[in-house]
Amino acid sequence: MSLAGVGTLVKLLVRRATGQIIELSVRLGDASQLPPLPEPEPVP
Amino acid sequence: MSRRTLALMLAAPLLPACEKWRARLSRSDGAEPAPVVVTVPRGPETVILPGGVQAPASFADLAERVAPSVVFVRTNQTHRYGSRRVLGRGLGSGFVIDPDGLILTNHHVVENAARIDVSIGKDRRLRAQIVGADPPTDVAILRIEARGLPALPLGDSNALRVGDWVLAIGNPFGLANTVSAGIISAKDRTTEDVPGLDPQGFYNFLQTDASINPGNSGGPLLDLAGNVVGVNTAINVQAHKIGYAIPVNMVRELLPRLVGKGHIERAAMGAVIASLKPVDVARIGVDNLKGALVRQVSPGGPGEQAGLVVDDVILEFNGRAIPGP
């Protein structure tokens, strides 16, 4: 399997919490350059 | 040659010895049966232990063959504590992966090193430069100006089974070319299993009971054919004989990029995803567990810029459906 590299545009099919289904295009970034993630929300 | 074939080849000349061992086992005096050592012409010596377990009678030939490829890594390191600069020295291990001077070791062995020296053989000591390093997997490649070095072949860590014999060679506490033997105790150890590791790292360790101590880091874990199956990297200091090695198949994937670019670039969309759980069904109104739930989105990251938000469920990635748990 080939892996998507930095700069690759990937398409996501996403289901929103509202039930709406949309397509998003995400250009992958360099993991080492990404801002830190926020603390995770506690799962109810 | 398959593992089964090899086992049969070893076992076949040993049948008379097995009969002898069975006879000893049936003694009524309760004494522990002594291991039977059998010399197989033009083959390895094997010990048959109680229970029929086969073990090599000696690792000497293997150790002698691979030892010249194992190097001693010494570093002068610089550490900064606020405005103070503290000089330190480090010891570690490594091994030759290319006859033209490429050495594989751990990143943590050469991290912050102002100077790296590699000793190979008894009297050869050379300056080394870092060719590439990948902190998240703790792998580093060094180069020394030498040719015709004895490189170790890289094996197949995926083929290892729990219980397989392995040999560790390195320089624990500066004791050069120390050899220890053990088995693969477990596979696929991650940050959840090994306390103290960088949670951002990528680990998929082999666990072994071959004795590994400070100074073994970067040294090879070898199978009985002399192939490198792991890079000795970590130990559980509270335990006895719980050591961890990076599986060589992971290293093999990194090598071309580390040698070519000097670092590993990893693509990310800036989101943490997780499998859907039954509790999510009612919470976000889905009717099945297919897809990947977005748990976190990195502010300003590619995912957020594209409109991805927490509680989205990614159903497909580049046209490929994401299955449920």
Side-chain angles (χ1 to χ4, degrees), chain A, chain B residues 134-136 199-202 253 257 261 263-322:
Chain A
M1 186 178 82
S2 63
L3 300 175
V6 174
T8 304
L9 195 65
V10 297
K11 290 194 181 301
L12 307 179
L13 189 66
V14 171
R15 182 196 185 281
R16 285 268 136 94
T18 58
Q20 181 189 14
I21 297 196
I22 59 170
E23 190 175 273
L24 298 177
S25 296
V26 182
R27 191 169 297 282
L28 300 180
D30 183 347
S32 67
Q33 303 300 318
L34 291 180
L37 286 158
E39 288 297 311
E41 297 287 331
V43 176
Chain B
D134 184 43
Q200 304 298 319
F202 298 100
E253 282 183 26
R257 285 182 284 168
K261 283 189 163 183
H263 66 281
I264 302 296
E265 208 174 51
R266 292 184 172 85
M269 62 181 183
V272 174
I273 58 173
S275 298
L276 281 154
K277 297 189 172 82
V279 68
D280 299 314
V281 171
R283 189 175 66 81
I284 59 173
V286 291
D287 55 9
N288 61 61
L289 300 180
K290 289 181 181 170
L293 176 66
V294 176
R295 291 285 314 280
Q296 293 172 264
V297 177
S298 183
E304 189 188 73
Q305 288 179 27
L308 203 64
V309 296
V310 170
D311 283 343
D312 279 350
V313 177
I314 302 172
L315 302 171
E316 291 183 9
F317 182 95
N318 266 355
R320 294 178 61 176
I322 298 176

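Both backbone and side-chain heavy atoms feed into the values below; hydrogens, waters and symmetry mates do not. Proteins come first, then strands; the chains are lettered A, B, ... in the order of their sequence lines, and each starts at number 1.
Shortest non-hydrogen contact noted between G5(A) and A267(B) is C-CB, 3.5 Å. The heavy-atom pair separating G301(B) from L34(A) by the smallest distance is CA-CD2, 4.4 Å. Taking all atoms of both residues into account, the shortest heavy-atom contact from V26(A) to M269(B) is CG1-CB, 3.7 Å.
Residues L13(A) and I314(B) form no side-chain contact, since every pair of their non-hydrogen atoms from C-beta on lies 4.5 Å or further apart. Between L308(B) and L12(A) the shortest side-chain heavy-atom distance falls below 4.5 Å.
Here Q33(A) contributes atom CD and R266(B) contributes atom CZ; the two are 13.5 Å apart, rounded to the nearest 0.5 Å. R15(A) contributes atom CZ, which lies 9.5 Å from atom CG of L276(B) (distance to the nearest 0.5 angstrom). Of the inter-residue distances, the one linking L24(A) atom CG with D312(B) atom CG reads 7.0 Å to the nearest 0.5 angstrom.
In this structure, the portion of L9(A) lying under 4.5 Å from any heavy atom of chain B is its backbone and not its side chain. Residue V294(B) does not touch chain A at all, counting heavy-atom pairs closer than 4.5 Å. For a residue to count as touching a neighbouring chain, one of its non-hydrogen atoms must lie under 4.5 Å from one of that chain's; by this rule R27(A) touches chain B with the backbone only.
In terms of heavy-atom pairs under 4.5 Å with chain A, the best-connected choice from D311(B), V313(B), I264(B) is V313(B). If you tally non-hydrogen atom pairs under 4.5 Å between each of G285(B), A321(B), G291(B) and chain A, the highest count goes to G285(B). For the set G29(A), A31(A), S32(A), the count of heavy-atom pairs under 4.5 angstrom toward chain B peaks at G29(A).
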